[in-house]
Amino acid sequence: MSLLTRRGGLSFLASAAAFAAAPQLTAAAGLGVFQHGVASGDPAEDSVVLWTRVTTPQPEVEVVCEVATDPDFSEIVWSRRLVAAAERDHTVKAVPDGLKPGAVHHYRFHALGETSPAGRARTLPAGRLDSLGLAVASCANYALGAFTTYEAIAQDDAVDFVLHTGDYIYEYGDALMRQSNFYVRPCDPPGETLTLSDYRRRHAIYKRDPQLQRMHAAHVLIALWDDHEFANDTWVGGAENHQPDTEGPWQNRREAALQAYFEWMPVRPAPAGALAEAGRAYRFGDLATLVTLETRLTGRAQPIDYRRVKDALQSAEDRQAFVERVLGDRNRTLLSERMASELAHALTTSVREQQPWRLIGNGTLMARTNTPDVRRAGLRPDDYPELQFLDQYTDLLWKADNGLPDDLGAWDGYAGARQGFYELCQRLEARDLLVLTGDSHRFWSNRLADDAGVPMGVELGTAGACFPSEFRMAQFRPELMTRLDALYTEANPEVRWNSSAACGYVRLSLGRDAAEAAFIAVDTTRAGPARPALLRRERILRQGGGLAFQDA
């Protein structure tokens with residue numbers, strides 16, 4: 001999800017002229033053959049994916065990967081000779097096996113007489129586990145800010161693994177980004193990403209960022225994609241930001257983006273013919289299971305665009321029928337049958353083995369979030385012309401006047417699929433979901449419930465790592481953002497708290513009986529030392545077969 005649609009984005013960004021231009025940032029100099037750093041990801045109990053890329057004009061280069069138990073590499077426990085080939089954009093993946101569960105290992109690469117920076121990788125723990133720390137990140141737009149959120153995560157000693165819930169890259173071209181006053185540095189390629197070469201270059205400019213490199217070197221990444229790894233509002237058959245008449249078949253663009261993703265991300269190779277099947281489960285000893293959902297390429301029905309239906313929603317009866325029959329249609333799916341089967345298997349095992357926590361890595365907001373009635377609350381466009389601006393492009397006032405969901409790209413736009421998801425979890429006796437979500441560029445602390453009000457768990461939503469909220473992008477005054485955040489909480493029983501004021505990440509600390517979520521804000525307007533600020537803490541208790549927030 002993003003405000004920057006092909007149809008409205010240029011006017012939206014051009015209107016943001018009230019703030020002074022942000023300082024320009026540049027990519028790392030990146031001299032040598034390891035210009036893109038190292039990364040680890042997709043962990044298992046006895047293995048982990050180790051990644052790097054060799055910068056060379058040669059068609060093939062020999063690369064040696066070493067894994068040691070100490071940072072000085074005096075105790076090397078695994079070593080392999082690999083090949084960096086042009087057909088894989090000279091990216092390299094090593095998957096050492098036979099490693100000790102729950103252990104930290106150090107790794108590095110050698111090629112062309114040079115040695116890469118060293119990275120630190122951790123395998124999944126096995127057996128008894130009393131605590132776990134996860135950082136939850138999402139939505140990093142390279143052009144719109146520094147990656148200080150990633151710097152803060154790299155320095156966070158309480159983090160064991162990083163869950164990235166998607167929008168690791170953005171496909172937008174530089175001309176669009178330059179019209180925002182949040183713009184700080186140019187994209188590469190300068191145009192929108194359409195081809196394999198384009199997506200490879202976009203991944204490459206991200207990986208050259210020194211703050212992102214430090215996060216990858218410090219922590220293991222568990223990644224799922226959302227839409228912008230492909231194009232805005234991706235679904236099974238296309239995307240909002242893809243026009244087949246001028247940009248070619250969607251299938252070609254989708255396959256190019258997938259190939260670049262699997263080349264440039266520290267994820268395990270996909271099964272032949274099943275690149276889009278990205279969801280999987282991670283087991284953290286006897287403490288927790290994390291299931292990452294694929295909700296874009298394999299199961300998502302075409303999103304509904306308010307701009308195409310608003311003229312037909314003239315009466316309260318029309319709007320009620322739209323919510324119940326269209327949004328509530330069980331045939332408008334988000335999960336493929338294969339994804340639902342994998343989810344069911346993982347939850348069944350977790351419940352049977354009485355793990356305390358069942359985590360869901362999720363791309364878009366799951367809680368019900370209707371647009372609050374801003375006029376009744378006294379927020380008038382005459383006093384806040386920013387609201388009228390949003391009415392023109394994202395219809396906030398119209399949605400508010402008619403009591404409609406805020407974002408139809410989120411689970412609210414697939415209410416029938418959400419109810420089906422909850423019913424599946426209920427059959428498996430998993431009504432204690434801890435859902436970890438990105439996409440919205442805002443922080444959220446939500447209670448979850450099905451259509452009958454049966455509690456299903458809680459949701460923690462992270463703000464953008466480096467993409468401001470829609471209210472900040474529209475240059476809302478701070479007092480207006482504060483009022484609107486409060487209204488979203490007041491208008492939605494499932495929303496306990498939300499904030500649109502800052503970028504940052506969520507740190508989740510699990511114990512056996514309780515968890516703590518820290519919502520951490522980071523200034524991304526300029527590069528430099530990360531100075532994270534704690535916005536809020538939430539304590540989550542396991543009780544009565546479910547989850548509940550502990551009130552102060």
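To the nearest 0.5 Å, atoms CD (E60) and CD (E87) are separated by 7.0 Å. Note: D439 CG to D407 CG = 6.5 Å, rounded to the nearest 0.5 Å. Here the CD atom belonging to E342 is positioned 9.0 Å from the OG1 atom belonging to T292, to the nearest 0.5 angstrom. Within the model, atoms CE of M473 and OG of S500 stand 13.0 Å from one another, a figure rounded to the nearest 0.5 Å. Atom CG in L359 sits 8.5 Å away from atom CG in L287 (nearest 0.5 Å). Rounding to the nearest 0.5 angstrom, the gap separating the CZ atom in R178 from the SG atom in C187 is 8.5 Å.
D70 places a side-chain N or O within 3.5 Å of a backbone atom of E75 that can act as its donor or acceptor partner. Remark: side-chain polar atoms of T333 are paired, donor with acceptor, to backbone N or O of G299 under 3.5 angstrom. Within the 3.5 Å criterion, the main-chain N or O of T193 finds no donor-acceptor partner in the side chain of R201. Between the side chain of T349 and the backbone N or O of H345, at least one donor-acceptor pair lies under 3.5 Å. In this structure, the side chain of Q213 engages the main chain of K207 through a donor-acceptor pair within 3.5 Å. Q243 places a side-chain N or O within donor-acceptor distance of the main-chain N or O of E240, the cut-off being under 3.5 Å. Formation of a donor-acceptor pair under 3.5 Å by the S79 side chain with backbone atoms of E66 is not found in this model. S47 contributes no side-chain N or O that, together with a main-chain N or O of A44, makes up a donor-acceptor pair within less than 3.5 Å. Judged purely by atom type and a 3.5 angstrom limit, S116 uses its side chain to pair as donor or acceptor with the backbone of F109. The closest donor-acceptor contact from the side chain of Q155 to the backbone of M215 lies at 3.5 Å or more, if one exists at all.
If you look at Y261 and F230, their ring centroids are not closer than 6.0 Å. Checked against the 6.0 Å centroid threshold, Y168 and H228 do not count as a close aromatic pair.
Under the side chain to side chain donor-acceptor pair (under 3.5 Å) criterion, D42 pairs with R280, Y282, sequence neighbours left out. Checked against side-chain contact (heavy atoms from CB on, under 4.5 Å), L293 has the following partners two or more places apart in sequence or in another chain: V291, T295, L335, M339, L343, I360, N362, W411, F421.
Classification of R296 and E294 as a salt-bridged pair fails, no side-chain N sitting under 4.0 Å from a carboxylate O. Salt bridge status for R358 with D432: present, with a side-chain N to carboxylate O gap under 4.0 Å. Remark: E516 engages R537 in a salt bridge, criterion side-chain N to carboxylate O under 4.0 Å. We find that E151 and R531 are not joined by a salt bridge, their nearest charged nitrogen and carboxylate oxygen being 4.0 Å or further apart. By the 4.0 Å N-to-carboxylate-O rule, D188 lies too far from R202 to be salt-bridged with it. We find that R128 and D130 are joined by a salt bridge, their nearest charged nitrogen and carboxylate oxygen being less than 4.0 Å apart. Looking at R300 and D227, no side-chain N of the basic residue comes within less than 4.0 Å of a carboxylate O on the acidic one, giving no salt bridge. Using a 4.0 Å cut-off between charged nitrogen and carboxylate oxygen, R283 and E353 count as a salt-bridge pair.
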Take L434 and L436 through the test side-chain contact (heavy atoms from CB on, under 4.5 Å) and record every step on the way to the result. CA-CA 7 Å; L434 206 171; L436 306 172; 3.5 Å; yes
Would you sort out whether Y505 and D156 count as a side chain to side chain donor-acceptor pair (under 3.5 Å), showing the intermediate values? CA-CA 11 Å; Y505 69 103; D156 194 333; 2.7 Å; yes
S74 vs D72, side chain to side chain donor-acceptor pair (under 3.5 Å): CA-CA, chis, key distance, verdict: CA-CA 5 Å; S74 61; D72 296 327; 5.7 Å; no
Audit row: V92, R53, side-chain contact (heavy atoms from CB on, under 4.5 Å) steps and yes/no: CA-CA 6 Å; V92 176; R53 198 251 185 179; over 6 Å; no
Go through H242 and R253 one step at a time and tell me if the side chain to side chain donor-acceptor pair (under 3.5 Å) criterion holds. CA-CA 9 Å; H242 182 76; R253 184 175 185 179; 3.1 Å; yes
For a side chain to side chain donor-acceptor pair (under 3.5 Å) check, start with the C-alpha distance between Q355 and T289, then their side-chain angles and the critical distance, and finish with the verdict. CA-CA 8 Å; Q355 286 182 311; T289 287; 2.5 Å; yes
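Remark: R526 fails to qualify as a cation-pi partner of F147 under the 6.0 Å distance and 45° angle criteria applied to the six-membered ring. Within the cation-pi definition used here (under 6.0 Å to the ring centroid, within 45° of the axis), R108 qualifies as a partner of F73. Taking the centre and axis of the six-membered ring of Y142, the NZ or CZ atom of R185 falls inside the cone set by 45° and 6.0 Å.
Closest non-hydrogen pair, A502 versus F443, comes out as O-CE1, 4.0 Å. The minimum heavy-atom distance between T148 and G528, with the atom names listed, is CG2-O, 3.6 Å. The minimum heavy-atom distance linking A518 with L534 is given by the pair CB-CD1, 3.7 Å. Among all heavy-atom pairs drawn from L82 and C65, the shortest one is CD1-CB, 4.1 Å.
A 4.5 Å side-chain heavy-atom check between H110 and E114 finds every atom pair outside the cut-off. The closest side-chain heavy-atom distance from R254 to L258 is below 4.5 Å. Counting heavy atoms from C-beta on, the side chains of F467 and C503 never come closer than 4.5 Å. Proximity of L290 to W357: side-chain heavy atoms (C-beta onward) are nowhere separated by under 4.5 Å. Counting heavy atoms from C-beta on, the side chains of H105 and V77 come closer than 4.5 Å. L224 has its side chain within reach of L163: a pair of non-hydrogen atoms, C-beta onward, lies under 4.5 Å apart. Looking at heavy atoms from C-beta onward, V48 lies out of side-chain contact with Y107 at the 4.5 angstrom threshold. Looking only at side-chain heavy atoms (C-beta outward), H90 and T56 come within less than 4.5 Å of each other.
Within the structure, ring-ring contact (aromatic ring centres under 6.0 Å, His included) contacts touching residues 37-72 (residues at least two apart or in different chains) are W51-W264.
When the options L510, L124, L132 are evaluated for a side-chain contact (heavy atoms from CB on, under 4.5 Å) with D160, the one that passes is L132.
Looking only at atom types and distance, the side chain of Y150 has no donor-acceptor partner in the side chain of H219 under 3.5 Å away. With no hydrogens or angles considered, a side-chain donor-acceptor pair links E255 and Q251 at under 3.5 Å. Side-chain atoms of E459 and T437 form a donor-acceptor pair, as typed in the model, at a separation below 3.5 Å. Checking T91 against E263 by side-chain atom types alone, no donor-acceptor pair falls below 3.5 Å. A donor and an acceptor atom, one from each side chain of N241 and E171, are located under 3.5 Å apart. For the residue pair E538/S445, the side-chain donor-acceptor check at 3.5 Å is satisfied.
Using cut-offs of 30° and 60° for the angle between ring planes, the W225 and F262 rings count as perpendicular.
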